[in-house]
Every structure is written in structure tokens, then in C-alpha cells.
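Below is one structure, written out as C-alpha cells; comments come after it.
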Amino acid sequence: MKLSKRKGLLILTSAVLVAVSFFLPMWAINLKAPFIEKPLLVEVYPLAGVVGDLQNVNIVNHYVGLGRIDPASMPELVYLKFVYALLLVFSVAAAALNGSGKRFYLVWGIYIVILLGIPIYAYLWMYDYTHTINPEAPIKVEPFDPPFFGVYRIANFDITSYLGPGFFLPLAAAILQIFTALRWRSSEKH
Amino acid sequence: MGVEKKEKSQPKENKVSRRGFIAAAVAGLAVGGAAGFGLSRLITPAAPPTLRQVEDIIKQRNLQPAHVVSALKTYVPGGMPDEFLMFSSGGHSGQVMVIGVPSMRIYRIIAVFTPEPWQGYGYGDVKTMKLLEKGSNGIRFLTCGDTHHPEISRTNAEYDGEWLFIGDKLNARKAAISLKDFETKDIVKLPNTQTQHGGACATPNTEYVACGSQFAAPWEPGKGYKPGKTYVKLTEQNFKEYFRGTTTFLRFDRKRGKFDLANSFQIELPPYMQDLEIAGWGPSDGWAFLNSINTELAIGGVLEGRPPLEIAASQNDFDYLHIINWKKAEQVVRQGKAKEMNGIKVITLETAIKEGILFFAPEPKSPHGCDITASGRYIVIGGKLEPLVTVYDIEKIKRAIADQRFQGEDPYGVPVLRFEDVKAAQIEVGLGPLHDEFDDKGHGYVSCFISNEVVKYTLGPPDYTGDKPFQVVDRIPIHYNIGHLATPESNSPTPKGKYLVALNKWSVDRFMNVGPLLPQNFQLIDISGEKMQLLYDMPIGIGEPHYAKMISADKVKPISVYELGTDPETFQRHAKYVEGKVGVERRQEDGRWVTEVWMTEVRSTITPDIIRCKQGDLLRLHITNIETTKDATHAFAVAEYNIMASLEPGETATVEFVADKPGVYAFYCVEFCSPLHLEMAGWLEVEPA
């Protein structure tokens with residue numbers, strides 16, 4: 001089967017978008033307080049896992065009984081690599097199947113489910129984290145909903161958390177594919 | 001925003017609302033974390049003041065326009081840096097002060113010769129104990145000093161902002177302070193020397209840090225001076241024959257941050273009172289200059305029928321400016337012509353004269369101050385008992401030496417140059433001229449102790465190229481009794497001008513009365529214009545400063561946290577730091593019980609928090625502050641045992657003491673580090689033997 005030039009380009013673009021995302025943060029939280037010179041930044045990378053000023057976050061968290069964030073004891077960070085590998089496979093497959101109707105939509109659908117599953121899982125993890133509070137902590141807090149996405153101004157802290165390019169690049173690949181699929185289909189019709 | 005709205009509707013009791021705690025939880029209850037919670041919404045910030053309001057304040061406070069100008073020129077808002085850093089000696093506080101200019105705020109006190117608890121200096125922290133011990137004289141554990149003349153390390157004669165040197169006049173010691181962490185790294189006792197005053201002064205590339213002695217020490221002929229051992233009966237004749245001064249060229253190993261006595265040398269000098277010393281650059285490169293007083297060789301003796309020292313030492317119209325060819329001295333030492341005495345190679349007076357290392361030039365009269373202009377050409381001496389500043393020309397000095405034009409010899413055989421042959425100019429400035437500093441426009445500024453003023457004058461070419469060289473151009477009264485003065489990067493090839501600080505000994509009526517021991521007065525003077533303008537009086541209530549060196553703030557580049565597990569003594573990983581290790585180990589070592597503890601400190605826990613040992617154990621605590629955050633300093637102190645250590649973020653320190661008294665003792669983090677600072681504590685149990 002001879003690959004058309006534009007399909008080749010689509011496969012390449014999708015693969016590159018997903019592959020590049022391996023090295024970029026998929027989620028980040030930035031915590032700014034007046035007494036901290038540099039804001040605390042914690043990022044989740046598909047390959048590198050949780051990166052950032054964890055020590056300080058942990059120091060602060062232990063006062064209120066939030067668990068210790070230790071990348072070494074988070075199996076999901078291992079899975080995350082495979083999930084992204086899977087994303088790469090599915091994005092290439094979907095690109096290759098682009099224009100072949102149902103099969104494309106099936107693969108694309110699985111791809112999008114996996115992709116959206118990542119932040120959903122992360123949110124649930126965070127939810128669990130902020131609802132599992134050590135009752136012996138020096139300062140009592142009620143469980144709370146995690147600041148997962150958006151800008152928060154709380155007490156003297158400015159918190160910004162956002163999905164990063166590690167999420168949006170694979171999403172862009174998916175959008176590109178659905179967009180091309182629709183275009184190619186309509187161009188076939190005419 | 002949604003989050004905030006929800007928060008308002010939640011009941012607030014003593015408990016912090018859960019929303020508020022996202023912040024606390026994730027970003028820090030640490031210092032001040034929750035303090036502003038909830039209040040920020042109720043208080044709106046003040047509107048910026050209008051010009052009218054400013055005028056009202058001026059009226060209400062009864063200020064003159066000049067005051068307002070001074071305030072505007074010196075005020076440095078929080079968060080903004082000062083333009084210059086001034087390192088001031090603390091005199092007999094034994095410390096160094098770090099002061100910002102023009103704000104005149106004290107940023108740091110650096111412990112040097114004196115134990116200082118805040119920095120955990122001298123209270124059980126092994127590296128500081130060793131340093132004080134090493135800097136002692138073998139007969140006493142010295143815990144006081146008298147810091148006089150700071151010096152900054154140089155590269156091509158320019159101040160490079162890496163190291164600071166300071167001498168102890170009282171015990172003839174020299175210290176090196178790293179400007180990476182503003183901590184003392186080395187102290188050496190100068191051999192064969194009892195007191196010193198001349199330095200520190202660094203050679204152009206900090207090959208050596210030099211300094212002359214002050215009061216001569218008794219020497220055993222050929223063997224030098226040993227503290228606590230050398231005795232020579234004090235008589236006028238013996239003083240002349242057996243007492244000696246020195247100038248010491250201490251080799252400094254920048255990499256290790258240590259003085260290197262093995263590669264240092266010393267020159268034996270007549271027992272005059274050597275005073276201030278400086279090493280030249282440019283045309284004076286390779287030469288050092290050291291003035292002297294008491295060429296009368298008086299020893300006092302008011303009860304023995306002799307006049308007091310102050311009278312007897314002030315009889316000669318001229319004393320001797322010592323001119324030292326240190327590069328030649330270095331060669332002579334390499335040729336093996338120096339004699340090892342008490343751990344240092346000494347060039348005897350005889351050798352110094354024979355090899356052409358030491359020359360004298362007459363200098364009026366009981367002088368003080370010995371400074372070199374930017375060009376490196378002029379050596380400027382304050383007359384003290386003559387109202388004159390005397391300017392020597394190195395070109396003339398070199399020519400006279402080359403031509404062997406001498407007026408004679410001093411009683412020790414040192415060739416004395418003719419005053420007229422080496423003098424460039426004398427300027428009548430005022431009464432009691434002491435020290436000179438320079439600006440970037442070819443001006444000198446001299447402190448006049450007796451007439452209570454700073455006098456500004458012009459130098460000669462190439463420093464000053466105008467048509468009125470060597471003339472007084474301005475004067476300003478000071479309050480009171482000025483000793484030294486300091487301008488930014490003076491005594492280097494590129495003085496910066498702009499400010500002058502008068503280091504005044506008396507403040508009399510300048511500040512509120514705080515009892516009979518009055519603060520000193522640092523007066524900041526604007527020298528950017530033609531006329532000097534007084535800007536600010538700064539009380540110094542923590543010492544008696546002598547000299548200060550000022551450097552552009554951006555030349556100093558300190559770190560803010562150490563790499564985890566660093567021993568600040570070496571900036572290397574601490575020998576006992578093991579990542580993650582905490583625990584107590586008790587074992588015998590050379591027949592004695594040692595309880596060795598690996599400890600960590602982090603907000604807000606000391607681990608372990610219970611240490612059990614037996615009476616008589618040597619306790620050896622390796623404490624690491626595992627914080628990586630700027631300013632997250634912890635400390636460690638043990639009640640009743642006089643133990644105090646400061647642990648900056650990343651630092652590992654070893655604290656050692658003998659647990660010789662049984663009991664149960666609290667220990668805690670002495671530095672208010674976090675909301676649970678009070679709980680950052682533990683127990684030391686010393687079980688009776």
C-alpha cells in the first residue's frame with residue numbers, strides 16, 4: 001500500500017506531537033507566597049514523573065497531615081510512561097487509518113479516551129490525596145477538593161494549576177486527526 | 001472567584017476554613033503563612049501620598065530642605081539593594097560589620113576573633129572551636145580580639161569581592177573571611193609578633209596578605225619571639241637591642257581559603273612602632289610601604305623617672321616610612337637566605353639591608369595612614385602631629401634608590417633616603433591629619449582628628465590633571481574626632497567616588513543619650529559634587545570601628561543556601577554527612593565512650609529527638625539542616641551545657657562536648673523557623689555513671 005504524501009505527513013505530525021509531549025509537563029502547579037523568593041513549582045512529566053520542589057511542598061503539607069509525595073512510591077508514574085507509549089502507538093495508528101471510516105473513529109476514540117483518562121485519573125488521585133488526612137497532624141483540616149485546574153487566590157497564596165503541553169500536544173494531534181478526517185471525507189464527497 | 005465565594009459561606013470558628021487550607025496545606029504554613037488569611041479582603045491598601053501630604057510631613061516634623069534631600073539620597077526601600085557594601089572593623093568587639101551604603105543599615109555581623117552565639121561561633125560547633133583554638137597563641141584560648149584594618153582580596157590590584165581579611169591588633173592575628181558565605185575560614189597567629197596594626201593589605205593578586213607589627217616584641221637573638229616564653233628584661237638598652245618589629249607576608253591559598261605559613265615570610269624590623277601598611281600596584285608594584293612612629297625608641301616608665309610614652313615618642317620631627325621591596329624579599333627567601341624561626345621564614349634585618357629589601361624615608365611627624373592613589377604613583381601619609389599630608393612619588397623613590405642617594409642610616413643600618421629626593425608635595429590640610437582616601441577625579445580626602453573635619457585636596461598627575469595640583473579645595477566639619485574614613489574602592493586603581501564615610505570616635509550630642517558608653521558615629525558624606533555634603537549620622541553601638549573598606553555591591557556574590565551536606569569550613573561535603581542517615585551509635589574510641597549521633601533538622605522536627613547517653617560520654621552530634629529553602633535556617637542549643645550552633649540551609653555541622661553532668665536536658669532549635677518552632681525540640685538524657 002502506497003502512503004499518500006499528506007497521510008505520511010499526518011502520521012509524522014501526530015507521532016512528533018505525541019513524542020515531544022513525553023518531555024513536557026502534562027500538569028503543573030505553581031504556588032506563590034510572599035515569603036518564598038521563588039514560587040514553588042511542581043510538574044508532572046510523562047517520562048520524568050513528578051518534578052519540582054517536593055521537599056518544600058512536603059514540609060508544608062505535613063503540618064496539616066497531607067501525605068508525603070514521594071515519586072518513588074507512586075506506581076502510576078511507571079504506568080504513565082506506558083500510557084504515553086500507548087498514546088504514541090494509537091496516534092500513529094489513527095493517523096494511518098485516517099479516512100478509512102469506522103476503523104479510524106474506533107482507534108481515535110480509544111486514543112481520546114486514554115488521553116482524557118490521564119487528567120481524570122490525576123484529579124482522582126489528587127482528590128484522594130486531599131481527602132486522606134492524617135488525623136494526628138498538628139493542625140486539623142477538613143478534607144477538601146483539590147486545586148486542580150485554574151487560578152486560586154487563597155490567604156496569602158497565589159496558586160495556579162494547569163494542564164501543560166504534555167497534555168495539549170497529544171490533544172492537538174487528536175484534533176488535527178479528526179479535523180483532517182472530516183475534511184478528507186467532505187473532499188471525497190465533492 | 002468561585003473558590004473564595006464558597007469560602008465566605010463556610011462557618012469560621014477557631015479552625016481555619018478548609019479552603020484556606022489549600023494554601024496552608026500546599027504552600028506553606030511556614031513563617032507567616034496563614035497570618036494574612038481572611039484579612040486581606042477587609043483592608044484596602046493606602047493610596048500613594050500626594051506631594052501636598054509630603055509637604056505637610058516636612059512641616060510637621062520641622063525638617064529643613066537639606067534634611068529632605070539627605071533622606072532622599074539615603075533611603076533605600078525594602079527589597080532594593082544598596083549601591084555599596086562596607087566592611088567595617090568592630091575594634092575590640094573582635095568582629096566585622098557589613099553595612100549597606102547609602103542606606104547605612106547593618107546587614108551582618110561576622111564573628112571572627114570572638115565567640116558569637118547567633119552564628120553558633122565558639123559554643124561547641126567543632127569547626128568554630130578549632131578555628132579559635134588554631135588562632136590562639138598556645139598559652140591561652142583567646143576569645144577576644146581588636147579588629148582594625150579590613151582588606152578585600154584583589155585581582156590586578158582591583159578588589160574582587162571574594163575574600164575579606166582582618167587583623168587582630170591585640171594578639172597579632174590575621175583572619176580570612178569568605179564573601180561567599182560571610183564566614184571566617186581561617187585565623188593564624190603571626191609568628192614572632194605580639195601585636196599588629198599594619199594590615200591587612202593584599203598584594204595585587206592576593207599572593208600575600210601583609211601586615212606590620214605595632215609594639216615590638218622581645219626576641220631571643222636568632223630565635224625570635226615565643227608567646228609566654230621569651231623574656232628580656234625591659235630596659236631602654238634592651239629594648240633597642242632585643243626587641244623587634246616585623247612585617248609578615250602571609251601566603252594566601254584562595255582555593256583552600258587558608259593562610260599557608262610554610263610559604264609565607266617575615267622581615268625583621270627595628271623596634272619602632274610600625275603602623276599602617278599598603279602594597280603598591282602599577283608603578284609601585286612589588287613595593288610595600290609601612291609607616292612608623294616612636295623612632296625615639298621610648299619605652300615609657302613614668303614611675304621610673306622617664307617621661308610617658310606619649311611624650312617621649314613624639315620628640316623627633318621625622319619618623320621613618322619603611323619602603324619594602326617585597327618581590328625582592330620573595331626572591332631572597334627562595335634563594336634560601338631566610339632563617340626559619342617559629343614556623344616562618346624570617347629575613348633578618350641584616351639580610352634585608354644587605355639585599356636591598358628595606359629602605360627608609362623621613363616622614364613627619366608620628367604619622368598615621370599610609371595610602372596609595374589610584375595611579376599607584378603616590379604614597380600619601382597623614383602627618384598627625386604636623387598639619388600636613390605628605391605625598392611621596394614612587395618614581396622618585398625608585399630613582400633615589402637606584403642612584404644610592406641616601407642621607408645616612410638609622411641606628412640599625414637601614415639606609416635612609418633624603419626627604420627632598422622622594423617627596424612629591426606637602427599639603428597643609430588641618431590639625432591631626434590621619435588617613436587618606438581617594439575618589440575617581442583625582443582628589444584626596446583626609447581625616448583631621450584634631451580639627452574635626454574632612455579636608456578635600458587635589459593630587460598631582462596622572463591622578464589629577466587640572467591646573468591646581470596638591471591644593472585644598474573643600475572642607476567639611478564632622479562630629480566628632482574622626483579616625484579613619486572610607487570611600488568606595490579607594491586604595492585601588494579605580495576608586496568610585498560618590499560617598500565618603502567618616503568613622504568618628506565620639507558622637508557626644510549627635511544621638512539620644514544611652515548611658516556613658518556612647519555609640520560611635522559613622523557620618524555619610526556625599527562627595528559626588530564639588531562641595532561635600534553631610535547626609536546621615538549612623539550610631540555604631542556594637543563596637544569601636546577603626547577602618548572600613550567599601551566595595552560595589554555587585555562585586556560580591558554570596559550564595560544563599562549550601563549544597564545539602566556541606567561543611568562550610570571547606571565548602572565540600574561534610575566528612576560525616578550521609579544522606580538520609582539518622583541515629584545514635586555508642587562505642588568505645590581510644591578507651592573512652594563516644595556517643596555519635598547523626599541528626600537532621602527540618603521544619604519543625606529534630607531527628608532524633610531523644611538522645612540517651614551515659615555520664616562521661618563524648619557526645620558527637622553531626623547535625624544537618626536538610627532544608628533547601630533560602631532563609632530556612634535552624635539552630636541547635638542544649639540547655640545548661642552552653643552549646644549553641646547555627647545551621648544554615650544545607651549545612652552539616654559537628655557539635656562536640658563531654659556529657660559530664662548527669663540529668664535530662666532539653667535541646668531545641670533556637671532559630672524561630674516555623675509555626676511549630678516551639679515544638680522543634682528534644683531531650684538529652686545523660687544517665688549517671
Step through the shown structure and confirm whether more than 12 heavy atoms of other residues, nucleotides or ligands are within 6.0 Å of CZ on B/F571.
-> yes
Proximal component of B/S604, with respect to chain A [non-hydrogen, under 4.5 Å] = both
State whether B/E183 and B/K127 are salt-bridged, where the test is any N-O pair (Lys NZ or Arg NE/NH1/NH2 against Asp/Glu carboxylate O) under 4.0 Å.
-> no
Kindly state each residue pair satisfying salt bridge (Lys or Arg N to Asp or Glu O under 4.0 Å) with at least one member in residues 77-86 of chain B, sequence neighbours excluded.
-> B/D82-B/R105, B/E83-B/K498
Side chain, backbone, both or neither of B/E627 within contact of chain A (heavy atoms, under 4.5 Å) = both
Using the test side-chain contact (heavy atoms from CB on, under 4.5 Å), find all partners of B/D631 that sit at least two apart in sequence or belong to another chain.
-> none
Measuring heavy-atom distances to chain B, does A/D53 have an atom under 4.5 Å in its side chain, in its backbone, in both, or in neither?
-> side chain
